[in-house]
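A short write-up of the structure that comes next.
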Amino acid sequence: MPELPEVEVTRRGVEPLLIGQRILAAHLGKPLRWPLGTEPKTLEQSRVLSVQRRGKYLVVGLDVGVLLIHLGMSGSLLAHTGPGGELRAHEHFGLDLTNGHLRLHDPRRFGAVVWAPSAVEGMAAKLLGGVGPEPFSPDLTPQTLHAGFKRSAVAIKPLLLAGKLVCGVGNIYASEALFLAGIRPQRRAARVSLAQATALLAAVRLVLSQAIEAGGSSLKDFRHSDGSSGHFQTQTRVYGREHEACGVCAAPIRMIRQGQRSTYFCARCQK
DNA sequence: AGGTTGACCTGTCAGC
DNA sequence: TGCTGACAGGTCAACC
């Protein structure tokens, strides 16, 4: 589920609750993707200094180390005022804070909460080290993207999903960005021109910005930190719209599978 | 080394 | 109504 926009919406939602708060207790539910990496007790009394995002990870800076939080496919991070209690159904991590509490609700448990001494040590270094450039970074240019494309033998859509050349683009926004850029998802990345790479980078930035603005996509599980839903799913141009008419040319939207993921596109608009 | 596939886990929904 | 299978926003480890 959660791609960059959903994680960023979550970050903005939880930041005000977390900053400056002291952790009174940490709770673990069923195992998530990786173990926490420390005893929950060691988090007690530490203070939250920052809440940042790197790719699809939330990076919570503590005065003792960092917590990496990943929402996996079905995760939501819910912030509540008032004292915490026992974890409820599908809540597998929780922090009780001086003023409120935080819960990770994640039915499928593909998500993770990992502690490390710092963002550049231990498991955090390993996980964040695999994350490609941020889509909004000025260091990411059409030229660097195009150069990365040329080195690959893979189709453009799965290459975008891999997150090594640009991070944060998941299955919904990859289809959407390729549609806006007029590029077929099956096109070999090496055959994407510089002009197309330029259009694609602009499209990625536009789609992600619009999705953040819309509060992300709530297909099923995703919820904002206050429990409300995003609504970008109502504004998708192709994702989830097989057989519907393309908004540009009215040809039917098609769905194919690439690497076990569904891809949506317009065969007339995308070359 | 890079590309491809399976695995992780649970809920939901379509079809019989 | 109940069972079975397919599918869902991610991504890592194991294979060729």
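First the proteins, then the strands, lettered A, B, ... as listed; each starts at 1.
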Rounded to whole Å, please give me the gap between CH2 in Trp34(A) and C1' in dC12(C).
7 Å

Consecutive-pair stems (at least three Watson-Crick or G-U pairs, under 3.5 Å) that include DNA chain C
B:2-8 with C:10-16, B:10-16 with C:2-8

Name every residue in residues 140-170 of chain A that has at least one heavy atom under 4.0 Å from any atom of DNA chain C, in order of residue number, or write none if there are no such residues.
Gly170(A)

Residue set satisfying side-chain contact (heavy atoms from CB on, under 4.5 Å) with Ala181(A), at least two apart, ordered chain then number -> Ile183(A), Ala199(A), Leu200(A), Ala203(A)

Which part of the nucleic acid, if any, lies within contact of Tyr239(A), taking any heavy atom under 4.0 Å across all strands shown: a base, the sugar-phosphate backbone alone, or nothing?
sugar-phosphate

Under a 3.5 Å distance rule, please check whether His146(A) uses its side chain to pair with a backbone N or O of Val192(A) as donor and acceptor.
yes

For Gln260(A) and for His90(A), locate the closest nucleotide of DNA chain B by heavy-atom distance; then report the residue assigned to the nucleotide nearer the 5' terminus.
Gln260(A)

What's Ser218(A) touching, base or sugar-phosphate or nothing? Going by heavy atoms closer than 4.0 Å.
base

For Arg191(A), give me all partners under side-chain contact (heavy atoms from CB on, under 4.5 Å), at least two apart in sequence or on another chain.
Arg187(A), Arg188(A)

Rounded distance in Å between the P positions of dG6(B) and dA6(C)
13 Å

Salt bridge or not between Asp96(A) and Arg103(A)? Use side-chain N to carboxylate O under 4.0 Å.
yes

P-based separation of dA14(C) from dC9(B) [nearest Å]
16 Å

Rounding to a whole Å, what distance do you find between Met73(A):CE and dA8(C):P?
8 Å

If the condition is ring-ring contact (aromatic ring centres under 6.0 Å, His included), which residues does Phe232(A) pass it with, not counting sequence neighbours?
Tyr173(A)

Could you state the atom-to-atom distance from CZ of Arg261(A) to P of dA6(C) in whole Å?
18 Å

Would you measure the distance from the P atom in dC7(C) across to the matching atom in dT5(B) and give it in whole Å?
16 Å

Return yes when atom NZ of Lys271(A) has more than 12 non-hydrogen atoms of other residues, nucleotides or ligands closer than 6.0 Å, and no otherwise.
yes

Which Ile, Leu, Val, Met, Phe, Trp or Tyr residues join Phe265(A) in one cluster when any pair of side-chain heavy atoms under 4.5 Å counts as a link?
Ile256(A)

Of all residues at least two apart in sequence or in a different chain, which pass the salt bridge (charged side-chain N to carboxylate O under 4.0 Å, His left out) check with Glu15(A)?
Arg11(A)

Covered region of DNA chain B, 5' end to 3' end, by chain A [heavy atoms, under 4.0 Å]:
dG3(B) to dT12(B)

From CG of Leu104(A) over to C1' of dG10(C), roughly how many Å is that when rounded to an integer?
14 Å

Between dG10(C) and His70(A), is there an OP1 or OP2 to side-chain N/O distance shorter than 4.0 Å?
no

Given dA8(C), is OP1 or OP2 found less than 4.0 Å from the side-chain N or O atoms of Lys220(A)?
no

Polar contact flag, side-chain donor to acceptor under 3.5 angstrom, Thr42(A)-Glu39(A)
no

In the hydrophobic clustering that connects Ile, Leu, Val, Met, Phe, Trp and Tyr at side-chain heavy-atom distances below 4.5 Å, which members other than Leu161(A) occupy its cluster, ordered by chain and number?
none

Residues 37-67 of chain A vs ring-ring contact (aromatic ring centres under 6.0 Å, His included), sequence neighbours excluded, gives Tyr57(A)-His70(A)

With a 4.0 Å cut-off, would you call Glu44(A) and Arg22(A) a salt bridge?
no

Looking at Leu62(A), Val14(A), Leu67(A), Leu95(A), which hits side chain to side chain contact (heavy atoms under 4.5 Å, CB included) with Val48(A)?
Leu62(A)

Does any residue of residues 108-137 of chain A have a heavy atom under 4.0 Å from DNA chain C, and if so, which ones, in number order?
Arg108(A), Phe110(A), Lys126(A)

Would you please name every residue forming a side-chain hydrogen bond (donor to acceptor under 3.5 Å, both in side chains) with Lys56(A), sequence neighbours left out?
none

